[in-house]
Engineer: 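The structure under discussion is supplied below as structure tokens; questions concerning it will follow.
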Amino acid sequence: MSDSPLPHASALHEPVLHWYAGNARSLPWREPDAGAWAVMVSEFMLQQTPVARVLPAYRVWMERWPKPADLAAEPPGEAVRAWDRLGYPRRALRLHAAAKAIVDQHGGVVPDDHAALLALPGVGTYTAAAIASFAYGQRHAVVDTNVRRVFARALTGSAQPSISPTAADQRLAVTALPEDERTAARWAVATMELGALVCTARSPRCAECPIRSRCAWVLAGSPPYDGPPRKGQTYEGTDRQVRGRLLAVLRAAAGPVPKADLDACWPEQAQRERALDGLVADGLVDPLPRQRYQLPG
DNA sequence: GACGCGTGGTA
DNA sequence: TTACCAAGCGT
């Protein structure tokens, strides 16, 4: 995204906030009594995983571990097991580590300070801003892929945002932020929701969009994407697939698993060994004596 | 900045 | 069917 002449983002505030008031989804982590831990758990799970797949795992998780201290008291392997098939299971490990840090350093309360949040394992720029904004009502630019896409279209006039987040994206989001703190917090969640429900990546529902009459991309005739090709992520045959299979076996087992059971899930030995070593190096798997393995204790 | 990291739904 | 996409993070 370029950072020059911007349509005044302030003209978008009222229509987007009004749209959100009537169209926001009811999600458990948005309930008034949800709390910061609920927001934090949802944000970890939603990193690269769609809402529909997060919902059941989220409910089980919060029922079992309603506070950070509840999770911190368990071995990390239990977090990995409860992560189920959400994908990227290192997030489960990081959420567990973050819960321990919250207990050790913040009295068991999710911190409300942006810098303190950023220091937690698995919390990056986006997640720190999201927790501070959604859970504590603070004024932060909350820049995820939805927001980058909405701003790319509405303000910059391009069909898609840059392939990876840029400093310009961040600056644009900061510039567009309403001054008032509470309004800024609603704007953050509203722009994200607009990107998730209307201003979608593939087939945007422009007819339903509250800012279509002010959208730079629509006003330019909705030109197609003309940037460099996006990096297609292959999966079949990758180490990621092998890791996924190995971990699925370990999640399903109540206790230690003989190596033979792991050997059965992938034919090529070299890749299998590499994947298993990687899981051990990542702390997702504990090696035991006598060629056995289990989730980390 | 590019890359590795899971999984499944959708067009 | 293949390819893209989904509330990123850490190295």
Side-chain angles (χ1 to χ4, degrees), chain A residues 24-25 27-30 38-58 80 83-95 97-98 117-135 140-150 159-170 173 188-197 199-204 225 228-251 265-266 271 274-275 277-279 281-285:
Chain A
R25 289 168 291 180
L27 298 170
W29 47 87
R30 287 184 182 164
V39 171
M40 180 167 165
V41 169
S42 75
E43 290 302 336
F44 269 73
M45 292 184 168
L46 289 164
Q47 290 168 2
Q48 301 285 281
T49 302
V51 169
R53 204 134 47 85
V54 162
L55 280 169
Y58 169 86
V80 174
W83 200 252
D84 197 35
R85 303 187 72 80
L86 292 179
Y88 293 147
R90 289 188 296 193
R91 290 181 292 165
L93 232 37
R94 291 174 184 151
L95 181 51
L117 288 164
L118 200 51
L120 296 172
V123 177
T125 307
Y126 161 77
T127 303
I131 296 170
S133 180
F134 303 160
H140 293 282
V142 183
V143 185
D144 76 328
T145 188
N146 289 305
V147 169
R148 295 200 311 117
R149 188 173 55 248
V150 169
Q160 301 289 345
S162 53
I163 292 177
S164 55
T166 64
D169 295 341
Q170 196 70 27
V189 70
T191 47
M192 248 169 93
E193 191 77 337
L194 187 64
L197 298 183
C199 193
T200 55
R202 264 183 281 190
S203 299
Y225 176 70
R230 316 233 142 195
K231 186 104 175 184
Q233 45 174 216
T234 54
Y235 182 64
E236 285 297 317
T238 61
D239 285 7
R240 283 149 87 163
Q241 184 181 24
V242 184
R243 287 166 59 108
R245 288 196 185 181
L246 293 170
L247 212 51
V249 171
L250 290 158
R251 275 197 312 261
C265 69
W266 195 259
Q271 188 179 22
R274 183 170 70 240
D277 288 348
L279 288 170
D282 287 347
L284 284 162
V285 173

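Within every chain, numbering begins at 1; the chains are lettered A, B, ... in the order of the sequence lines, protein sequences first and strands thereafter. These numbers come from a predicted model, not from an experiment.
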Engineer: Is there a side-chain contact between A:R148 and the phosphate of C:dG8, meaning an N or O under 4.0 Å from OP1 or OP2?
Structural biologist: no

Engineer: Between A:R251 and A:R85, does the side-chain contact (heavy atoms from CB on, under 4.5 Å) criterion hold? Intermediate values first, please.
Structural biologist: CA-CA 10 Å; A:R251 275 197 312 261; A:R85 303 187 72 80; 3.4 Å; yes

Engineer: Walk along nucleotides 4-11 of chain B from 5' to 3' and tag each nucleotide B, S or - by protein heavy-atom contact under 4.0 Å, base first, then sugar-phosphate.
Structural biologist: BBBBSB--

Engineer: Determine the interatomic distance between P on B:dC5 and the same-named atom on C:dA7; round to the nearest Å.
Structural biologist: 22 Å

Engineer: Give the rounded distance in Å between these two atoms: CD of A:E236 and P of C:dT2.
Structural biologist: 9 Å

Engineer: Round to the nearest Å and state the distance from A:L120 atom CG to C:dG10 atom C1'.
Structural biologist: 15 Å

Engineer: What distance do A:T200 atom OG1 and A:L194 atom CG have between them, rounded to the nearest 0.5 Å?
Structural biologist: 10.0 Å

Engineer: What is the distance, rounded to the nearest whole Å, between atom CZ of A:F44 and atom C1' of C:dC9?
Structural biologist: 9 Å

Engineer: Given A:Q47, which partner from the list A:V54, A:T127, A:L86, A:L95 fulfils the side-chain contact (heavy atoms from CB on, under 4.5 Å) test?
Structural biologist: A:T127

Engineer: Out of the candidates A:P161, A:C199, A:P204, only one should pair with A:V150 under the side-chain contact (heavy atoms from CB on, under 4.5 Å) rule; please name it.
Structural biologist: A:C199

Engineer: Please state the P separation for the pair C:dT11 and B:dG6 - nearest whole angstrom.
Structural biologist: 15 Å

Engineer: Assuming nearest nucleotide by heavy-atom distance, tell me which of A:P121 and A:L46 is located more 5' along DNA chain C.
Structural biologist: A:L46

Engineer: Heavy atoms only, 4.0 Å cut-off, all strands: where does A:W29 land among base, sugar-phosphate and nothing?
Structural biologist: base

Engineer: If I take atom CD in residue A:Q160 and atom P in nucleotide C:dA6, what distance separates them, rounded to the nearest angstrom?
Structural biologist: 8 Å

Engineer: For the atom pair CG (A:L55) and OG1 (A:T49), what is the distance rounded to the nearest 0.5 Å?
Structural biologist: 12.0 Å

Engineer: For A:E43 and A:Y126, does a side-chain donor sit closer than 3.5 Å to a side-chain acceptor?
Structural biologist: yes

Engineer: Could you pick out which residue, A:G195 or A:G122, lies toward the 5' side of DNA chain C when each is mapped onto its nearest nucleotide?
Structural biologist: A:G195

Engineer: Quick check for you: to the nearest 0.5 Å, what is the distance between A:M40 atom CE and A:L120 atom CG?
Structural biologist: 5.0 Å

Engineer: Name the nucleic acid region contacted by A:R274, choosing base, sugar-phosphate or nothing; use a 4.0 angstrom heavy-atom cut-off, strictly under.
Structural biologist: nothing

Engineer: When all nucleic acid strands are considered with a 4.0 Å heavy-atom cut-off, which category describes A:V51: base, sugar-phosphate, or nothing?
Structural biologist: base

Engineer: Just how far, in rounded Å, is C1' of B:dA2 from CZ of A:R230?
Structural biologist: 15 Å

Engineer: With no hydrogens and no angle check, is any side-chain donor or acceptor of A:R149 less than 3.5 Å from a backbone partner on A:G195?
Structural biologist: yes

Engineer: Take atom CZ of A:R25 and atom C1' of C:dA6, then tell me their distance rounded to the nearest Å.
Structural biologist: 11 Å

Engineer: Base, sugar-phosphate, or nothing for A:A201, non-hydrogen atoms under 4.0 angstrom?
Structural biologist: sugar-phosphate

Engineer: Would you classify A:T145 as touching base, sugar-phosphate or nothing, given that sugar-phosphate means primed atoms plus P, OP1 and OP2, and contacts are heavy atoms under 4.0 Å?
Structural biologist: sugar-phosphate

Engineer: Round to the nearest Å and state the distance from A:L93 atom CG to C:dC9 atom P.
Structural biologist: 17 Å

Engineer: Within the 4.0 Å heavy-atom criterion, would you say A:T125 contacts the bases, only the backbone, or no part of the nucleic acid?
Structural biologist: sugar-phosphate

Engineer: Roughly, in whole Å, what's the span from CG in A:L194 to C1' in C:dA7?
Structural biologist: 14 Å

